[in-house]
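A quick write-up on the structure given underneath.
Read the numbers this way: they start at 1 and go in the same order the structure lists the ligands and their atoms. Positions are given from 1 along the sequence. In what follows, every heavy atom counts, from backbone to side chain, and hydrogens, waters and symmetry copies are set aside.
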Amino acid sequence: MKTTTRVAVIGGGVVGCSVLYHLTKLGWSDVMLLERSELTSGSTWHAAGGFHTLNGDTNMAALQGYTIKLYKELEEITGMSCGLHHVGGVTLAETQERFDMLKAERAKHRFMGLETEIVSPEEIRKIAPVTNIDGIVGGLYDPLDGHLDPSGTTHAYAKAARMGGATIETHCKVVETNQRHDGTWDVVTDKGTIHAEHVVNAGGLWAREVGAMAGIYFPLHPMEHQYIVTDEVPEIAGIIDAGGEHPHVMDPAGESYLRQEGRGLCIGFYEQPCKPWAVDGTPWNFGHELLPDDFDKIEDSIAFAYNRFPALERAGVKSVIHGPFTFAPDGNPLVGPVPGMRNYWSACAVMAGFSQGGGVGLMLAQWMVEGECERDTFAMDTARFGDWITPGYTRPKVIENYQKRFSIAYPNEELPAARPFRTTPMYDIFDGMGAVWGAQYGLEVPNYFASEGEPRYETPSFRRSNAFEATAREVKAVRENVGINEVHNFGKYLIKGEGARAWLDRIMAGRVPQPGRLSLTPMLSPKGRLIGDFTISCLSEEEFQLTASYGSQAYHMRWFLQNIDEGVSVENISDTRNGFQIAGPKAREVLQACTRQDISDMRFMDVRRMTVGMADCVVQRVSYTGDLGYEIYCDLPSQRSLWDNLWSVGQTHGMKPFGMRAMMSLRLDKFFGSWLSEFSPDYTAAETGLDRFISFRKDIDFVGRAAAEAERTTGAARQLCAFEVTAKDADVTAYEPIWHAGAVVGFCTSGGYSHHAQKSIALGLIPRDLAQDGLEVEIEILGKMRAARLITTPLFDADGARMRG
Ligand SMILES: Cc1cc2nc3c(=O)[nH]c(=O)nc-3n(C[C@H](O)[C@H](O)[C@H](O)COP(=O)(O)OP(=O)(O)OC[C@H]3O[C@@H](n4cnc5c(N)ncnc54)[C@H](O)[C@@H]3O)c2cc1C
């Protein structure tokens with residue numbers, strides 16, 4: 001056995017083998033896979049082998065598309081068969097709401113190059129004749145859907161990897177992973193120790209146990225899952241004898257997926273009475289056995305399926321496959337460098353290995369070999385969960401995710417499991433004021449405040465929800481008087497030390513401000529992609545506060561620590577420093593009444609330490625609402641006293657609390673982008689207009705400089721623009737296609753309703769040469785073409801007089 005390797009991949013399921021193959025494909029041949037038994041000995045061997053592109057997250061859907069197209073390549077390289085059946089698949093909609101969702105998905109597929117099609121019930125009857133179409137409104141057909149042979153495919157990945165130089169060691173159980181001082185790893189196995197530069201955890205069902213060997217908790221949990229294979233079904237046998245194949249049918253109402261298997265059918269369920277498996281850890285002696293059949297928990301699902309697919313009831317059961325596989329709390333994989341670790345990578349929690357395994361392998365290999373991925377991977381990044389996550393949180397979330405696998409995913413939906421979990425000192429006060437809560441990165445945040453008599457629950461919808469009136473009230477309070485909300489939804493970092501300024505100058509593309517001032521800056525990856533959108537506050541020459549997205553804390557801390565300099569300390573103070581933002585024309589009067597310091601000369605983008613009421617605070621004159629506003633930060637123990645003070649003074653100025661829904665409406669008035677919508681690693685600073693904050697004048701080779709300069713020379717090919725949309729009751733949310741002259745020319749990044757201007761607004765990317773004020777386009781919202789016009793004048797305070805005055 002080899003005793004040194006550049007990469008040790010632990011786990012020979014479909015995911016580990018895909019990672020291994022992609023590493024060799026990108027040029028790393030000194031790589032090794034360690035499998036405790038035979039390849040496929042975890043979830044992989046008993047998978048149903050189905051694959052599809054549909055995924056609520058657009059980047060995940062694109063990676064699923066990549067995975068499916070890869071199988072042909074694998075067959076060509078290896079000469080092995082993956083047992084591919086590209087039979088196509090149709091997802092049924094039994095309600096208009098679900099049909100809306102499918103139409104929205106179809107619209108997104110237009111610019112992703114996926115050839116899906118909306119189909120009528122009659123067409124469904126023709127393409128999938130075992131389906132009873134009673135009550136079906138329509139469906140989405142995807143010609144790429146299909147199934148394969150799980151074992152053959154895994155072995156094809158393995159052969160392709162071997163052909164690229166990789167080694168695979170089976171019957172080799174990893175028992176310890178010990179890190180050396182230089183960051184490399186001793187991977188201890190029952191056959192000896194391997195010295196590896198990098199470790200990849202692709203342990204699947206045992207990923208928790210493999211992670212624990214390095215002291216890492218991976219937030220994933222196995223769930224039991226069952227599918228049934230029938231004896232011959234005459235309708236299917238007839239199709240096969242005529243030289244055809246029956247497509248897959250996903251029936252979300254019945255929480256089932258169905259496909260042809262041999263001359264019969266195979267149907268699996270995501271049942272509501274689902275069961276987590278191996279709560280306290282996966283036994284090492286598990287592997288090639290199945291779980292006992294459990295018809296009780298799928299009884300209702302089977303009854304429903306008999307109605308939808310009557311042929312099933314007449315068919316005998318040939319076999320039942322009941323096995324476990326793992327999920328993360330949101331159902332997406334956990335991929336990438338593990339925050340806080342050196343040279344330790346995750347390829348875990350892949351719940352649909354045959355839809356996602358190729359994309360996961362490609363992204364991880366790009367990350368390891370090239371330093372970054374070609375697209376935004378946040379939806380599957382291990383860093384989307386922080387160190388606050390626990391098994392107690394993961395389990396109920398995983399159960400919820402399994403139960404909602406086939407539910408409609410609404411853009412405004414807040415999922416209830418494992419909540420409330422993390423709260424700020426304001427929770428009970430805001431709750432008493434009618435807060436309707438959302439959750440960000442595990443933390444409760446008010447989305448809006450319901451008045452007496454209004455429901456304390458926002459109806460999930462693709463259209464304007466019942467939060468509309470409350471949001472309008474809050475926007476009005478901000479624009480006419482003064483609004484208050486917490487600054488808990490900012491990630492906050494304290495940067496200290498004699499090297500602090502130099503370090504910030506190197507990792508941030510923008511200008512680092514002088515003491516007492518703020519600046520806005522993009523943070524770029526080496527390839528010039530946006531990896532952060534920060535406000536820097538210079539508190540003193542050796543002390544800076546950074547603020548950015550709350551949900552990206554682990555993502556940003558990982559980058560900071562990977563790129564830290566001597567003489568600099570970075571502390572994540574997101575949960576220890578909190579406070580409020582006050583915004584609106586009366587904000588200055590409120591703040592002045594709460595402090596003895598004269599703030600009349602405090603300019604836009606100034607930062608000062610001041611005592612507000614009794615609390616020592618850092619006060620910044622800036623507001624994401626685009627209005628006159630202040631962010632007032634204090635320590636957590638002072639927060640309630642600060643609130644009492646601001647709130648009691650605010651009453652004489654018409655102060656009202658406002659939530660995230662109002663905030664997202666207010667920012668649209670100024671066309672302000674938001675992190676992971678307009679600003680993400682999918683885009684560059686020049687495309688999104690953030691290049692105006694890049695300091696090309698500073699004499700520093702900041703990260704991403706060469707790429708940003710190159711783009712400055714050529715100009716970005718596309719440009720972020722704002723549109724006024726003639727929407728009816730549904731606004732843009734994200735990824736709706738933008739049509740011009742009969743063709744799709746771009747897509748929306750986000751949008752919503754500007755309550756201040758009473759207009760529906762979309763932000764989106766289109767080719768730069770089209771981006772002219774007044775350009776007439778159409779935006780496809782829920783399958784309807786809506787006329788839209790490119791606008792360049794902000795809807796509020798266009799000259800900035802209020803914000804800066
Ligand atoms: C009933 C059922 C049906 C399914 N149907 C589908 C489907 O139709 N389509 C689809 O895409 N997905 C399906 N899945 C899910 C699919 O099986 C998983 O997504 C996939 O198998 C995950 O692969 P993996 O490589 O991550 O993990 P695993 O397959 O669990 O592989 C992990 C490997 O790591 C090895 N290992 C663990 N610890 C160590 C160690 N310490 N040392 C060495 N080796 C170690 C294990 O032996 C194992 O071989 C289904 C799952 C089930 C249970």
Side-chain angles (χ1 to χ4, degrees), residues 8-20 32-52 64 67-68 89 145-151 153-154 157-158 168-177 187-191 194 199-214 220 222-229 248 250 257-259 261 266-270 277 282-288 290-291 319-327 331 333-335 346-358 360-361 402:
V9 178
I10 305 173
V14 64
V15 174
C17 291
S18 167
V19 169
L20 196 71
M32 189 173 188
L33 184 144
L34 307 167
E35 166 55 49
R36 72 189 176 109
S37 178
E38 297 290 343
L39 296 181
T40 79
S41 294
S43 298
T44 297
W45 74 269
H46 53 235
F51 52 78
H52 56 271
Q64 293 185 190
T67 302
I68 294 168
D145 279 15
H147 54 274
L148 45 64
D149 166 19
S151 173
T153 302
T154 308
Y157 273 125
I168 296 180
E169 204 66 46
T170 54
H171 298 283
C172 181
K173 179 182 171 190
V174 174
V175 291
E176 284 178 34
T177 50
V187 180
V188 183
T189 76
D190 53 6
K191 282 182 162 175
I194 298 144
V199 165
V200 177
N201 179 351
L205 280 179
W206 295 267
R208 291 175 298 176
E209 286 70 23
V210 172
M213 293 174 194
L220 57 87
M223 295 292 293
E224 295 180 0
H225 185 64
Q226 205 163 204
Y227 67 90
I228 296 169
V229 180
H248 289 200
M250 271 62 66
Y257 56 89
L258 170 125
R259 68 168 171 82
E261 171 69 39
C266 154
I267 184 162
F269 303 102
Y270 281 87
W277 183 75
T282 303
W284 284 110
N285 60 2
F286 185 82
H288 290 283
L290 290 169
L291 306 176
S319 57
V320 177
I321 310 291
H322 191 199
F325 64 138
T326 57
F327 289 73
L334 295 169
V335 181
S346 172
C348 305
V350 184
M351 60 74 53
F354 297 96
S355 296
Q356 301 173 336
V360 165
Y402 185 99

**Fill in**
min-distance protein heavy atom vs atom 13 (C) of ligand 1 -> Ala47 CB, 3.8 Å
**Prompt:** Taking the non-hydrogen atoms of Ser355, is any one of them nearer than 4.0 angstrom to ligand 1?
**Reply:** yes
**Fill in**
Near Met351 (heavy-atom distance under 4.0 Å), the atoms of ligand 1 are 12 (N), 15 (C), 19 (O)
**Prompt:** Starting from atom 42 (N) of ligand 1, which protein heavy atom do you reach first, and at what distance in Å?
**Reply:** Val174 N, 3.0 Å
**Asked** Do any N/O atoms on Phe354 end up under 3.5 angstrom from N/O atoms on ligand 1?
**Response** yes
**Message:** Just to confirm my output: which protein heavy-atom neighbour is closest to atom 43 (C) of ligand 1, and how far is it?
**Reply:** Arg36 N, 3.1 Å
**Request:** Just need the protein heavy atom nearest to atom 28 (P) of ligand 1, so name the residue and atom and give the distance.
**Result:** Ser43 N, 3.5 Å
**Request:** Any atoms of ligand 1 less than 4.0 Å from a non-hydrogen atom of His225? List them with their elements.
**Result:** 1 (C), 2 (C), 3 (C)
**Location of contacts on Ala347 toward ligand 1, heavy atoms closer than 4.0 Å** = neither
**Request:** Please say whether Ser41 places an N or O atom under 3.5 Å from an N or O atom belonging to ligand 1.
**Result:** yes
**Asked** Can you check whether His171 reaches Glu38 side chain to side chain, under 4.5 Å on heavy atoms?
**Response** yes
**Message:** Is the contact between Trp284 and ligand 1 made by the side chain, the backbone, both, or neither, using heavy atoms and a 4.0 Å cut-off?
**Reply:** side chain
**Prompt:** With a 4.0 Å heavy-atom cut-off (strictly under), which part of Ala202 contacts ligand 1: side chain, backbone, both or neither?
**Reply:** backbone
**Message:** So if I count the atoms of ligand 1 from 1 in the order they appear, which ones are less than 4.0 Å from some heavy atom of Val210?
**Reply:** 38 (N), 41 (N)
**Asked** Is there a donor-acceptor pair closer than 3.5 Å between any side-chain N or O of His147 and the backbone N or O of Ala48?
**Response** no
**Nearest protein heavy atom with distance in Å, relative to atom 19 (O) of ligand 1** = Val350 O, 2.6 Å
**Fill in**
shortest atom 35 (C) of ligand 1-to-protein heavy-atom contact is with Glu35 OE1, 3.1 Å
**Fill in**
The protein heavy atom nearest to atom 29 (O) of ligand 1 is Thr44 OG1, 2.6 Å
**Message:** With nothing but distance in play, are any N or O atoms of Gly50 less than 3.5 Å from an N or O of ligand 1?
**Reply:** yes
**Contact check: Leu205 vs ligand 1, nitrogen or oxygen atoms, below 3.5 angstrom** = yes
**Atoms in ligand 1 with a heavy atom of Gly203 nearer than 4.0 Å** = 32 (C), 34 (O), 37 (C)
**Asked** Would a 4.5 Å heavy-atom cut-off, applied to side chains only, mark Thr40 and Val14 as touching?
**Response** no
**Message:** List ligand 1 atoms under 4.0 Å from Gly323, heavy atoms only on the residue side.
**Reply:** 53 (C)
**Message:** Less than 4.5 Å apart, side chain to side chain, heavy atoms only: is that true for Phe354 and Leu148?
**Reply:** yes
**Prompt:** How close does the nearest protein non-hydrogen atom get to atom 6 (C) of ligand 1, and which residue and atom is it?
**Reply:** Ala48 N, 3.5 Å
**Request:** Could you pull out, from Leu220, Thr282, Val15, the option with a heavy atom nearest to atom 24 (P) of ligand 1?
**Result:** Val15
